[in-house]
Every structure is written in structure tokens, then in C-alpha cells.
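Take a look at the structure set out below.
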Amino acid sequence: MVNWEGINEFVYVVETDSFTAAAKRLDVSVAHVSRRITQLEDRLGAKLLYRTTRKLKLTEVGQVYYHHARNVLDSLAEAERAVMAMEGKPSGKLRITAPVYYGERFLAPLVNDFLLLYPQLELDLMLTNQAVDLVEEGYDLAIRLGTLDSSSMMCRKLARRTQYLCASPGYLARHGTPHSLTELARHKCLAGSLDHWRLVEDGKPKNLRLGAGWHCNSGLALKDAALKGIGIVQLPDYYVLEELRQGTLVSLLEQYRLPDDGIWVLYPHNRHLSPKVRLLVDYLVARLGKK
């Protein structure tokens with residue numbers, strides 16, 4: 001009978017090139033991973049990995065063993081997916097990461113509704129504005145906003161996003177309404193996570209550098225400052241659309257606005273996308289695409 005202990009740990013260490021990353025992916029301690037691999041090597045009577053303080057390297061035997069082990073694990077995973085597909089009951093843990101505000105406002109309520117449909121599922125939702133490495137951290141999918149960098153990840157567009165420059169009527173009454181980008185130099189421009197605004201001038205993208213008078217990495221704080229007449233902000237539609245409709249904020253310099261960009265769901269490139277991830281992606285596309 002095959003002893004499976006240590007095989008998952010070994011494969012994950014090879015694929016992440018890190019005992020620490022493998023431990024996170026398996027939700028166990030680093031000591032546990034190291035112990036299991038040592039036990040695996042003892043059981044096989046062969047050295048699989050050369051371990052130094054700086055890097056890991058497969059031995060010749062380790063390379064052969066990894067390819068066979070990976071094929072076996074893929075086959076087992078495919079068997080589980082086939083059974084779950086036949087039963088129609090996705091199960092296991094969904095690990096998702098998303099930006100904080102968008103995750104709180106739009107994603108989390110939908111994912112919670114999805115879990116009510118499939119109560120066998122568990123959830124690990126990490127809301128952070130930092131880009132997370134899906135493979136190294138073991139996430140099933142991520143929500144990304146704006147223009148995507150080149151990536152090995154698969155992606156689907158969930159919705160469109162419009163960036164607005166806007167200010168309160170009170171601010172504009174005191175300081176005047178700008179009609180060109182050069183006039184912005186006379187205004188209080190509120191900076192978010194970036195030190196510039198992304199605009200278009202003469203049909204070309206332009207990064208307009210901002211002064212250091214006001215800066216905060218929170219979209220809600222930026223909107224509050226704009227509503228209180230402190231200055232002009234650039235924020236996505238899901239922050240300010242209601243205020244624009246109510247007239248508590250006024251859209252500015254629309255001729256310089258960038259074309260709409262995207263809100264995306266990303267997931268690791270895998271020809272055997274699990275049923276739980278496929279179902280969730282389809283669910284999000286169907287609902288967020290209407291917003």
C-alpha cells in the first residue's frame with residue numbers, strides 16, 4: 001500500500017520553491033513540512049532535495065520523483081472533480097483575495113450568497129490593497145481593478161469602471177471650476193494611493209503629478225474630504241456615482257477622462273479548473289456584470 005505522507009508537502013515545496021510558502025498553502029507549520037519531507041526521504045532511502053539557507057534544488061532522484069508525484073496528484077484531483085461534478089455539490093475551501101473597499105461593498109455579499117447555495121464550501125477571504133501572489137499564497141482567485149499587467153493568470157472581466165474627477169459645489173463656489181489641466185495647478189488636488197491622476201490629453205494617456213498637500217490611501221477618506229470641500233479627487237464610479245446623481249459632488253474635466261477600464265477576476269492557469277472555482281467565477285460574472 002502506498003504511504004501518502006509527505007508527498008503533498010514535497011510537491012508544494014518544489015512548486016513554490018519555499019518551505020514557508022508550502023506551509024502556508026497547506027495551512028500547517030514549516031516544521032511539519034520539513035518533518036514530513038525528511039520522513040519521505042527516509043522511507044524512500046533517497047535524497048530528494050538539497051537544502052541550503054538560500055535556495056532549494058532537486059536532486060536527480062527528486063526530479064524523477066516530483067514528476068511522477070505531480071502526475072499522481074493531478075489524477076487524484078481530477079477524480080475528485082469528476083465525482084463532485086456528478087454530485088453537483090462543490091466542497092472544500094475557497095481562498096479569495098480582493099481590494100478592501102470593493103471586497104466589502106460588492107464581493108463579500110455575493111460570496112456569502114454563493115455559500116448559502118453551497119453550504120459544503122468553506123471561505124478564506126483576504127481583503128487587501130496589496131497585490132498577492134496567488135500561486136505562492138495558495139489563493140483560488142483574486143479580484144483586480146483597472147488595467148492588468150502581463151500575467152500568467154487566467155482572467156475574466158466582471159464589470160467596467162469609470163474614473164471621475166469631482167469636487168463639491170461648495171469647493172467650486174469658493175475656488176472656481178477648472179476647465180483645463182493647467183488650471184488644476186491652482187487647486188487643491190487630493191492624492192490617493194498614487195501620487196498622480198491618470199487622464200487623457202490630445203488622445204494620449206497622461207499622468208498628472210499631484211502636490212503633497214493632502215494624501216490618503218483610503219477611497220472613503222478621499223470622498224469625505226471632497227464632500228467637505230477640501231479639494232478635488234479622482235475616484236472610481238463605485239465610490240462617487242450616488243453623490244454625482246445627488247449633486248453633492250460635481251464631475252469635472254470629462255474631456256480628459258480615460259476610457260473605462262475593467263474589474264477582473266484572476267485565477268491560476270490550470271486546464272483542470274475546479275468546479276467550485278468555475279461555479280463561483282460564473283456566479284460573479286453574471287451578477288457583477290450588471291452593476
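The basis for the numbers below is simple: all heavy atoms, side chains too, and nothing from hydrogens, waters or symmetry mates. Everything numeric in this text was worked out from a predicted model, so none of it was measured. Each residue takes its place number in the sequence, starting with 1.
When all heavy atoms of L266 and L134 are compared, the pair lying nearest together is O-CD2, 3.7 Å. Minimum heavy-atom separation, G103 to A98: CA-CB, 4.3 Å. Here the closest non-hydrogen pair linking P178 and L172 is CD-CD2, 4.2 Å. Here the shortest heavy-atom pairing between A69 and V11 reads CB-CG2, 3.8 Å. When every heavy atom of V233 is checked against every heavy atom of L222, the shortest pair comes out as CG1-O, 3.5 Å. In terms of heavy-atom proximity, D261 sits nearest to G146 at OD2-CA, 3.5 Å.
Judged purely by atom type and a 3.5 angstrom limit, E104 has no side-chain atom pairing as donor or acceptor with the backbone of L127. When atom types are taken as modelled, the side chain of H179 and the backbone of L253 share no donor-acceptor pair closer than 3.5 angstrom. Proximity of a side-chain donor or acceptor of T59 to a complementary backbone N or O of K47 within less than 3.5 Å is detected. A donor-acceptor pair under 3.5 Å is absent between the side-chain atoms of D260 and the main chain of R160, judged by distance alone.
For D133, the side chain to side chain contact (heavy atoms under 4.5 Å, CB included) criterion is met by V135, E136, not counting sequence neighbours. Taking the ring-ring contact (aromatic ring centres under 6.0 Å, His included) definition, one finds that Y50 meets it with nothing, sequence neighbours left out. For E254, the salt bridge (charged side-chain N to carboxylate O under 4.0 Å, His left out) partners two or more places apart in sequence, or in a different chain, are R257. Under the salt bridge (charged side-chain N to carboxylate O under 4.0 Å, His left out) criterion, D113 pairs with no residue at all, not counting sequence neighbours. Every residue meeting the side-chain hydrogen bond (donor to acceptor under 3.5 Å, both in side chains) condition with R105, not counting sequence neighbours, appears here in chain and number order: Y101.
Listed by first and then second residue, the ring-ring contact (aromatic ring centres under 6.0 Å, His included) pairs that reach into residues 5-31 are F10-Y65, sequence neighbours excluded. Legend: salt bridge (Lys or Arg N to Asp or Glu O under 4.0 Å) pairs involving residues 27-40, not counting sequence neighbours, sorted by first then second residue: E9-R36. The stretch residues 176-196 participates, sequence neighbours left out, in these salt bridge (Lys or Arg N to Asp or Glu O under 4.0 Å) pairs: E183-R186, D195-R209. Sorted by first and then second residue, the salt bridge (Lys or Arg N to Asp or Glu O under 4.0 Å) pairs involving residues 11-23 (not counting sequence neighbours) are E15-R25, E15-R70. Among residues at least two apart or in separate chains, ring-ring contact (aromatic ring centres under 6.0 Å, His included) pairs with a member in residues 181-204 are Y171-H187.
Dense packing is recorded around CD of Q255, with more than 12 heavy atoms of other residues, nucleotides or ligands lying under 6.0 Å away. In the displayed structure, R198 atom CZ is contacted under 6.0 Å by at most 12 heavy atoms of other residues, nucleotides or ligands.
Hydrophobic side-chain contacts under 4.5 Å tie L258 into a cluster, directly or through other members, with V200.
Side-chain contact between L181 and E201 is present, with heavy atoms from C-beta onward closer than 4.5 Å. At a threshold of 4.5 Å between non-hydrogen side-chain atoms, the residues L210 and L190 do not count as touching.
Under the 4.5 Å side-chain heavy-atom criterion for grouping Ile, Leu, Val, Met, Phe, Trp and Tyr, F106 is connected to L220 within one hydrophobic cluster.
Classification of D224 and K228 as a salt-bridged pair holds, one side-chain N sitting under 4.0 Å from a carboxylate O.
To the nearest 0.5 Å, the span separating NZ on K276 from CG on D140 amounts to 5.0 Å. Taken from CG in L123 to CZ in R95, the straight-line distance is 10.5 Å, to the nearest 0.5 Å. Put simply, CG on L94 and CG on D124 are 10.0 Å apart, with the number rounded to the nearest 0.5 Å. Here the CD1-CG distance, from I143 to L125, works out to 9.5 Å after rounding to the nearest 0.5 Å.
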Under 3.5 Å, which donor-acceptor pairs link side chains of residues 236-243 to any protein atom two or more places apart or in another chain?
unit_1	atom_1	unit_2	atom_2	d
D237	OD2	T162	N	3.1
E242	OE2	Q246	NE2	3.2
E243	OE2	K223	NZ	3.1

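Judged purely by distance below 3.5 Å, without hydrogens or angles, the side chains of S180 and T182 pair a donor atom with an acceptor atom.
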